[in-house]
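Here is the structure we will look at.
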Protein chains: 2
Amino acid sequence: MSIIFSRECEYALQSVTYLARTKQGEKISIRELARTLKIPRHFLAKILQRLTRKGFLISAKGPTGGFALSMPAKDITLFHIVDAIDGLAFANSCVLGFRECSGKHPCAVHDQWGEIRDTLYEMLVSRNVSQMGAAMKKPEYEAAGN
Amino acid sequence: MSIIFSRECEYALQSVTYLARTKQGEKISIRELARTLKIPRHFLAKILQRLTRKGFLISAKGPTGGFALSMPAKDITLFHIVDAIDGLAFANSCVLGFRECSGKHPCAVHDQWGEIRDTLYEMLVSRNVSQMGAAMKKPEYEAAGN
DNA sequence: TTAATTTAAGACAAAACAGTCTGATATAAA
DNA sequence: TTTATATCAGACTGTTTTGTCTTAAATTAA
């Protein structure tokens, strides 16, 4: 079970982190990404295509083709990817599921969750993909299944 | 979309919070809970039965029957309910989905997420259902659908 | 030009999650 | 005892998420 991001979003974050570690101009194939990150290949293909349409990746067909970041890795934050794949519901929804939860009708943990949510938000906007790639100690990523 | 808890868990938390507001000895029917919290009736029934089997609620059949907390509301924490319904995967899983994420093989946001997770954990264990009920300003709960 | 390789696209399938329905069982009160 | 009302239990359905498969289109290199 994923925590707060969908599987798709987790895979997207893992993929862009991996791409951030490659040399400028280098293209990575779905095959390599899927094998390294242990992500189902065709599922990953759809995710990468989606990120391409959203403008974060560029793709090339044919032999020597593959995917690469479309912009400097430091210009892509985790927030960008989460927004593109899962949307921002996490930033606006009540953690207990109350529809009317707000400043006026706060649920019983409204304030505590607000702090947690703000910290999470801060984490997403402050971390760019370049830092992400650099922070990964090992190149052999092991992706979580379940 | 739910944030971190499943729908079922959100409904469970809402229900025990509501039950915590009732007088000692009073029983609440599924009908009343479902109507007030706007939860699908038969779905709620299954959730309440599950909480009953787990020992948090007592139930009585027949007219004047219904559900009530099986113990003082202050003895039930949010943590108890989340554990009973969703389990504790949130406390152990990598937020980016990496299987091997740990102190030795930390993912790029391992430490930041660790703080968030600990704060969340603290919120769940420190808040009991009695406080929850008392903190709800309005009795007319409005449950989130979507 | 042809063959091999890669992404693009969308239909399809499986699994997980959410919600519904029906009949059985228990209980209270008339 | 009968009737009405409530939970109990589990099968069933629908929806969303996750994952698979196939064909087309593009590109490189022989």
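FYI, side chains are in, hydrogens and waters are out, and symmetry mates aren't considered; it's all heavy atoms of this structure. Owing to the predicted nature of the structure, the values given are computational and were not obtained by experimental measurement. Chain letters run A, B, ... following the sequence lines, proteins first and then strands; every chain starts at 1.
- A salt bridge is absent between B:Glu8 and B:Lys46; no separation between the charged side-chain nitrogens and carboxylate oxygens falls under 4.0 Å.
- Judged by closest nucleotide on DNA chain D, B:Gly65 is the one of B:Gly65 and A:Thr64 placed further toward the 5' end.
- Computed from coordinates, the A:Leu48 CG to C:dA8 P distance equals 9 Å when rounded to whole Å.
- One atom, CD of A:Gln49, and another, P of D:dA24, lie 17 Å apart when rounded to the nearest Å.
- Which of C:dT27, D:dT27, C:dA18 sits closest to the side chain of B:Pro63 comes down to C:dT27.
- Around CD of B:Glu32, the count of heavy atoms belonging to other residues, nucleotides or ligands within 6.0 Å exceeds 12.
- Summarising the geometry, the separation between OH on B:Tyr11 and C1' on C:dT20 is reported as 13 Å, rounded to the nearest angstrom.
- Within 4.0 Å of A:Ala45, counting heavy atoms only, lies no atom of the nucleic acid at all.
- Between the P atom of D:dT18 and the CD1 atom of A:Ile39 lies a distance of 13 Å, rounded to the nearest Å.
- Using a 4.0 Å heavy-atom cutoff across all strands shown, A:Ser6 reaches sugar-phosphate atoms only and no base atom.
- Distances shorter than 4.0 Å separate some side-chain N or O of A:Arg53 from OP1 or OP2 on C:dA9.
- Straight-line distance from the CZ atom of A:Arg41 to the C1' atom of D:dT18: 18 Å, rounded to whole Å.
- Between the CD1 atom of B:Ile30 and the C1' atom of C:dG19 there is a distance of 14 Å, given to the nearest Å.
- Tested against B:Phe79 for a ring pair (Phe, Tyr, Trp, His ring centres under 6.0 Å), the candidates B:Tyr121, B:Phe56, B:Phe5 yield a single pass: B:Tyr121.
- Within 3.5 Å, a donor on the side chain of A:Lys46 pairs with an acceptor on the base of D:dG19, or the reverse.
- The NZ atom of B:Lys61 sits 9 Å away from the C1' atom of D:dA6 (whole-angstrom rounding).
- Rounded to an integer number of Å, the gap from CD1 of A:Ile47 to C1' of C:dA9 is 15 Å.
- Judged by distance alone, with hydrogens and angles left aside, the side-chain atoms of A:Asp86 form a donor-acceptor pair with the main-chain N or O of A:Ser6 at under 3.5 Å.
- Remark: B:Glu26 CD is packed, more than 12 non-hydrogen atoms of other residues, nucleotides or ligands lying under 6.0 Å away.
- Both A:Phe67 and B:Gly62 lie near DNA chain C, and the one whose nearest nucleotide falls closer to the 5' end is A:Phe67.
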